[in-house]
Amino acid sequence: MTKKIASIVLALGLSGPPATAQDAGSDLMRRGMELFLEGLQDELSPALREFYDLAEEAGPAFSSFLQQMGPAFGEILNQVQDWTAYHPPEILPNGDIILRRKQPSDITPEDTPPSETPADPPKDGQIDL
């Protein structure tokens with residue numbers, strides 16, 4: 001799979017002759033790019049293979065999870081208007097997952113979403129830049 005991707009990248013990026021015959025350096029650049037991409041492919045190939053194997057293994061379980069939990073997540077998304085008003089989820093020892101609402105004293109300026117309405121312009125008609 002990764003060899004196909006690298007082949008496509010090489011074919012697209014390195015096809016065609018240099019723009020001018022006097023630009024002999026472009027051949028060196030092309031060969032350098034080929035060597036770079038081959039080295040990158042050699043380095044990434046094992047990691048990509050592991051990721052592909054993990055995706056094949058976890059794919060059915062993840063699909064089943066989404067089918068079962070998707071409607072519940074949709075309900076939560078419809079009910080919660082502002083996620084910044086909640087602390088990160090906590091997993092209790094019994095396996096329950098809770099979302100605690102932040103108290104007004106817990107909310108920092110970074111937590112508050114930007115206002116959707118622009119500020120009123122000054123009454124004297126001047127705008128500070």
Side-chain angles (χ1 to χ4, degrees):
M1 180 174 150
T2 58
K3 289 189 184 236
K4 289 181 184 177
I5 293 171
S7 298
I8 292 170
V9 169
L10 284 173
L12 290 175
L14 303 176
S15 62
T20 62
Q22 60 183 337
D23 191 8
S26 66
D27 287 336
L28 291 175
M29 293 292 290
R30 181 180 312 193
R31 182 63 188 143
M33 183 59 74
E34 288 173 355
L35 290 173
F36 172 76
L37 291 174
E38 287 172 12
L40 187 63
Q41 178 182 350
D42 291 343
E43 289 293 320
L44 292 178
S45 187
L48 289 174
R49 171 53 53 200
E50 288 178 24
F51 179 73
Y52 179 75
D53 292 343
L54 177 66
E56 277 189 344
E57 182 180 315
F62 188 68
S63 177
S64 173
F65 173 79
L66 286 178
Q67 287 176 350
Q68 294 175 5
M69 296 302 292
F73 282 132
E75 276 184 44
I76 290 173
L77 290 174
N78 287 335
Q79 291 179 7
V80 177
Q81 299 299 318
D82 179 14
W83 286 98
T84 62
Y86 293 86
H87 289 285
E90 296 176 44
I91 301 176
L92 301 179
N94 66 358
D96 287 352
I97 301 172
I98 59 172
L99 294 172
R100 295 186 193 272
R101 186 184 302 265
K102 291 181 181 178
Q103 299 300 318
S105 61
D106 295 337
I107 298 175
T108 63
E110 294 85 29
D111 290 337
T112 57
S115 173
E116 293 183 17
T117 58
D120 292 333
K123 293 183 181 184
D124 61 2
Q126 294 182 352
I127 299 175
D128 292 331
L129 297 179

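No experiment lies behind these values; they were computed from the predicted model shown.
- In this structure, Leu35 places its CG atom where more than 12 heavy-atom neighbours from other residues, nucleotides or ligands lie under 6.0 Å away.
- Note: the hydrophobic cluster containing Ile91 does not contain Met69 (ILVMFWY, side chain heavy atoms under 4.5 Å, direct or indirect links).
- The closest side-chain heavy-atom distance from Leu92 to Ile98 is below 4.5 Å.
- Remark: Met29 CE to Glu34 CD distance equals 12.0 Å, nearest 0.5 Å.
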*Please test Leu99 against Trp83 for side-chain contact (heavy atoms from CB on, under 4.5 Å), starting from the C-alpha separation and ending with a verdict.*
CA-CA 10 Å; Leu99 294 172; Trp83 286 98; 3.9 Å; yes
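- Note that CZ of Phe73 is 13.5 Å distant from CG of Asn78, once rounded to the nearest 0.5 Å.
- Distance check: Ser26 OG to Met33 CE gives 12.5 Å after rounding to the nearest 0.5 Å.
- The distance from atom CD1 of Ile97 to atom CD of Glu90, rounded to the nearest 0.5 Å, is 11.0 Å.
- Taken together through direct or relayed side-chain contacts under 4.5 Å among Ile, Leu, Val, Met, Phe, Trp and Tyr, Tyr86 and Ile76 form part of one hydrophobic cluster.
- Nearest approach of Leu66 to Pro71, heavy atoms of both residues: O-CD, 4.4 Å.
- With contacts defined as side-chain heavy-atom distances shorter than 4.5 Å, the pair Arg31/Asp27 does not qualify.
- Within the structure, salt bridge (charged side-chain N to carboxylate O under 4.0 Å, His left out) contacts touching residues 53-72 (residues at least two apart or in different chains) are Arg49-Asp53.
- A distance of 8.5 Å separates NE2 in His87 from CZ in Arg100, rounded to the nearest 0.5 Å.
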